[in-house]
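Below you will find the structure I want to go over with you.
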Amino acid sequence: MTNQHIENGLDVLKHEFGDQRVKQAIEAIKAFRVEIPSWIFGDFGGGRFAGYMPPGFARSIYEKLDDAAIVHQLTGATDCVAVHVLWDLTEDGQTASMRTASDVHAYAHEKGLRMGSISPTYFLSGSYRNSLAATETDTVDRYIEQTIAAGQIANEFGTKLLTIWLPDGSLYPGQIELGKTHTILKKALHRIHQHIDPAVMMLIEYKVFEPGTYSTIIPDWGTAYLLAKELGNNAGVLVDLGHHFHSTNIEQIVARLISENMYCGFHFNTRYAADDDHSVEPNPEMARIFYELVAGDVVVNSDPQKNWAYMIDQCSGRENRIHAMLHSVDSLQHMLARAMLVDRERLVELQAADEIILANRLFNSALVYADVRSIVARARQELNLPMDPLQAYLDSGHQQKIIRERKV
Ligand code: PSV
Ligand code: MN
């Protein structure tokens with residue numbers, strides 16, 4: 001995009017949406033931050049390509065951070081890296097290691113990064129009969145211990161965010177007592193909560209399915225909401241876009257959680273068939289979600305108590321992982337820019353006048369039709385960042401370097 005293209009694009013947008021909204025959209029893009037997951041860069045695939053790793057994949061948490069640093073250098077938006085305890089912060093594969101956490105924290109710092117949210121890992125060996133909701137007390141105790149350690153790591157080395165996702169559930173009706181497992185889970189969460197520093201926010205993630213499941217322990221936002229509410233102020237809900245049934249109205253869930261003053265986090269990704277594997281694609285659903293976030297003042301809010309926690313949670317088997325991250329950040333920025341352009345005052349007038357189609361068209365003029373590439377490019381220019389981060393990556397030589405150096 002040349003300067004002339006940007007100027008022309010901005011003029012068109014200013015004409016339709018007004019100077020002020022375009023200016024605010026540029027500022028919003030400059031302020032938006034999103035965490036990226038360590039696991040995208042490493043040996044975690046999934047589904048059909050579980051055994052396939054792209055050339056040059058990161059072999060350790062340190063190499064994952066090297067890759068994350070490139071993504072941050074090119075986007076300026078991703079200084080925090082989400083980590084998983086048993087993938088990244090362990091010495092024995094079973095427990096969290098404070099020493100490793102401290103080393104990783106120091107290395108991240110050297111690279112201009114921070115450790116972001118900490119996820120305890122409940123789904124490796126030993127949890128096939130459930131984790132926090134297991135009926136064997138020694139299993140529950142082991143996972144509680146790991147979660148408390150993760151909370152300490154979040155407090156000392158991270159951004160004071162603990163993200164909890166449980167693989168617990170059942171494969172067949174009758175396999176478990178649905179009510180009883182919920183009660184066991186509640187007790188375990190309470191035990192954890194008592195040991196977590198109140199400065200740490202526990203975000204509870206829900207997921208309606210896992211391949212082959214009949215039930216998952218926290219299937220929906222309502223269950224996550226109840227659990228978070230019961231725990232208290234330092235607990236919230238984590239919305240992962242890939243964890244819903246198709247055609248669920250996720251933006252309405254977002255609006256409801258905002259109305260209920262629930263602190264939340266987001267795991268962004270795109271789902272085409274199932275699960276949370278694909279990188280973030282620009283699409284109308286994502287733009288509508290951003291509209292609710294903007295209208296609810298929970299995105300690019302300079303008050304950290306109000307600004308929700310934004311993360312990308314994505315990892316599919318085949319694509320270049322660094323490309324996927326750059327593409328995801330780019331998509332999110334474009335969807336935020338669209339949401340910033342909606343003329344909310346006019347929308348309220350149309351809603352009050354019951355102008356159903358006109359309201360819908362006004363909404364879509366920003367969320368579907370607006371070409372916001374000039375806004376994102378201008379924001380990058382103003383931050384001295386490359387206007388096309390993916391092209392800058394291709395030109396950087398990093399990919400050739402990691403393919404050369406990271407032999408397995
Ligand atoms: C589970 O599908 C999930 O969304 C959770 O957030 C995990 O922490 C992450 O993916 C990685 O498995
Ligand atoms: Mn997730």
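Order of appearance sets the numbers: ligands from 1, and atoms from 1 within every ligand. Side chains included, hydrogens not; waters and symmetry mates left out as well; all remaining heavy atoms used. FYI, the numbering just counts along the sequence from 1.
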Looking only at heavy atoms, is any part of W87 under 4.0 Å from ligand 1, and if so is it the side chain, the backbone, or both, or is it neither?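 Looking at W87 and ligand 1, just side chain atoms fall under 4.0 Å.
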Checklist entry - Purely on distance, is any nitrogen or oxygen of K207 under 3.5 Å from one on ligand 1? => result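 N/O-N/O distance below 3.5 Å exists for this pair.
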ask   = What do you reckon, does H243 have a nitrogen or oxygen under 3.5 Å from a nitrogen or oxygen of ligand 1?
value =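 Yes; the residue has a nitrogen or oxygen that sits under 3.5 Å from a nitrogen or oxygen of the ligand.
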Practice prompt. Tell me which N, O or S atom of H267 sits nearest to the Mn ion (ligand 2).
Written response: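 The H267 atom nearest to the Mn ion (ligand 2), restricting to N, O or S, is ND1.
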ask   = Are the side chain of N360 and the backbone of I356 linked by a donor-acceptor contact shorter than 3.5 Å?
value =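 Side chain of N360 to backbone of I356, a donor-acceptor pair under 3.5 Å: no, none is there.
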Under 4.5 Å between any side-chain heavy atoms of V372 and I29, yes or no?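 No - every pair of side-chain heavy atoms lies 4.5 Å or more apart.
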TODO: Could you tell me which N, O or S atom of E205 is nearest to the Mn ion (ligand 2)?
DONE: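 The closest N, O or S atom of E205 to the Mn ion (ligand 2) is OE2.
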With atoms numbered from 1 as shown, which atoms in ligand 1 lie under 4.0 angstrom from a non-hydrogen atom of F123?
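Once the distances to F123 are compared, the set is 12 (O).
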Would a 4.5 Å heavy-atom cut-off, applied to side chains only, mark W308 and V299 as touching?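 No. Closest side-chain heavy atoms not under 4.5 Å.
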- Message: Within 2.8 Å of the Mn ion (ligand 2), is there any N, O or S atom belonging to H243?
- Response: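 Looking at H243, which is the residue asked about, there is no N, O or S atom under 2.8 Å from the Mn ion (ligand 2).
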Exercise for the section: Could you list which atoms of ligand 1 come closer than 4.0 Å to a heavy atom of H84? Expected result: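 Every atom of ligand 1 under 4.0 Å from some heavy atom of H84: 7 (C), 8 (O), 11 (C).
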Taking distance alone, with N or O pairs closer than 3.5 Å, would you say D240 contacts ligand 1?
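Min N/O separation from ligand 1 is below 3.5 Å for D240.
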Need the atom name: nearest N/O/S atom of D313 to the Mn ion (ligand 2).
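In D313, the heteroatom (N, O or S) nearest the Mn ion (ligand 2) is OD2.
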Evaluation steps, side chain to side chain contact (heavy atoms under 4.5 Å, CB included), between V239 and W221:
CA-CA 7 Å; V239 183; W221 73 270; 6.0 Å; no
Short side-chain to backbone donor-acceptor contact, D197 and N155, under 3.5 Å:
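Here the side-chain-to-backbone pair does not exist.
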Without swapping roles, check the side chain of N234 against the backbone of V200 for a donor-acceptor pair under 3.5 Å.
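Yes, the answer is positive, given that a donor and an acceptor are paired below the 3.5 Å cut-off.
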Run the salt bridge (charged side-chain N to carboxylate O under 4.0 Å, His left out) check on D141 and R191 step by step: do they pass? CA-CA 10 Å; D141 289 348; R191 279 176 61 196; 3.1 Å; yes
Provide the atom name of the closest N, O or S atom of D240 relative to the Mn ion (ligand 2).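 Considering only N, O and S atoms, D240 comes nearest to the Mn ion (ligand 2) through OD2.
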| task | Report yes or no: is the cationic atom of K14 (NZ for Lys, CZ for Arg) closer than 6.0 Å to the six-membered ring centre of F17, at no more than 45° off its axis? | result |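 Pair K14/F17 does not count as cation-pi.
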If only atom types and distance count, is the side chain of T270 paired as donor or acceptor with the main-chain N or O of H278 below 3.5 Å?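 Pair absent, no side-chain N/O of T270 close to backbone of H278.
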Spell out, as yes or no, whether a donor-acceptor pair under 3.5 Å connects the side chain of R59 to the backbone of K407.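 The answer is yes, because a donor-acceptor pair under 3.5 Å joins these two groups.
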#### Entry: Contact atoms of ligand 1, heavy-atom distance to H267 under 4.0 Å
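It comes down to these atoms of ligand 1: 6 (O).
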Going by the order shown, which atoms of ligand 1 are within less than 4.0 Å of some heavy atom of D313?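 Near D313, the atoms of ligand 1 are 3 (C), 4 (O), 5 (C), 6 (O), 9 (C), 10 (O).
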| message | Any nitrogen or oxygen of E205, side chain or backbone, less than 3.5 Å from one on ligand 1? | response |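 Yes, at least one N or O pair falls under 3.5 Å.
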> For ligand 1, which atoms, with element, lie under 4.0 Å from some heavy atom of W39?
Replying inline: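 Atoms satisfying the 4.0 Å criterion: 11 (C).
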